Amino acid sequence: RVPSIETLLTAEGDIDRIKNRQNTERNRNMIQVENLSYGFPDKELYHDISFRLEAGRHCALIGSNGSGKSTLVDMLMRPDQYWFDGRITR
């Protein structure tokens, strides 16, 4: 017979530490972008890009004028205002 997980985790607080670690890992991703594609009729800005921004980390967007930096930030902040392919999870 296999003992229950509660039996295996006998040290005080083990179950709480595991639950807290799972919550921390889940909350680490502040924003996740999966397979994002977006553009205008005459210009494709993003094609099938994926990345995640983790809580407490810094990110820099570098590119020339008109390359879509501000549009991307606006999409991350207000995804409901854009028609795009892919998924943005906050």
Side-chain angles (χ1 to χ4, degrees):
R1 181 173 171 203
V2 177
S4 69
I5 190 70
E6 287 83 8
T7 303
L8 293 172
L9 301 173
T10 56
E12 187 174 326
D14 280 348
I15 294 173
D16 290 335
R17 275 197 296 278
I18 289 172
K19 287 179 182 176
N20 287 339
R21 185 176 64 219
Q22 289 171 341
N23 288 337
T24 300
E25 289 172 359
R26 192 176 307 121
N27 293 333
R28 188 175 294 154
N29 289 341
M30 189 170 66
I31 298 175
Q32 181 148 352
V33 175
E34 299 173 84
N35 308 109
L36 178 68
S37 295
Y38 181 76
F40 302 108
D42 60 338
K43 184 175 188 175
E44 182 178 59
L45 293 178
Y46 327 113
H47 179 75
D48 198 31
I49 63 170
S50 298
F51 62 91
R52 71 175 178 228
L53 300 175
E54 295 180 354
R57 306 287 295 190
H58 298 276
C59 174
L61 299 176
I62 301 170
S64 60
N65 291 346
S67 63
K69 301 177 300 292
S70 297
T71 301
L72 180 59
V73 170
D74 196 45
M75 288 177 76
L76 297 176
M77 299 302 294
R78 304 179 315 140
D80 56 319
Q81 300 294 313
Y82 291 87
W83 290 90
F84 57 86
D85 291 328
R87 183 166 51 171
I88 298 173
T89 307
R90 297 178 27 162

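Just so it is clear, the structure is predicted and the values come from calculations on it, not from any experiment.
Sorted by first and then second residue, the salt bridge (charged side-chain N to carboxylate O under 4.0 Å, His left out) pairs involving residues 57-78 (not counting sequence neighbours) are Asp74-Arg78. Within the structure, salt bridge (charged side-chain N to carboxylate O under 4.0 Å, His left out) contacts touching residues 35-49 (residues at least two apart or in different chains) do not occur. Sorted by first and then second residue, the ring pair (Phe, Tyr, Trp, His ring centres under 6.0 Å) pairs involving residues 57-90 (not counting sequence neighbours) are Tyr38-Tyr82.
Going from atom CD of Glu54 over to atom SG of Cys59 covers 11.0 Å, rounded to the nearest 0.5 Å. Distance check, rounded to the nearest 0.5 Å: CZ of Arg52 to CD of Glu34 gives 10.5 Å.
Counting heavy atoms of neighbouring residues, nucleotides and ligands inside a 6.0 Å radius, atom CG of Asp80 exceeds 12 of them.
The side-chain contact (heavy atoms from CB on, under 4.5 Å) search around Ile31 returns Val33, Leu53, Leu76, Ile88, Arg90, not counting sequence neighbours. Residues forming a side-chain contact (heavy atoms from CB on, under 4.5 Å) with Asp85 (at least two apart in sequence, or on another chain): Ser37.
In this structure, Leu72 and Tyr46 approach most closely via the heavy-atom pair N-OH, 3.0 Å.
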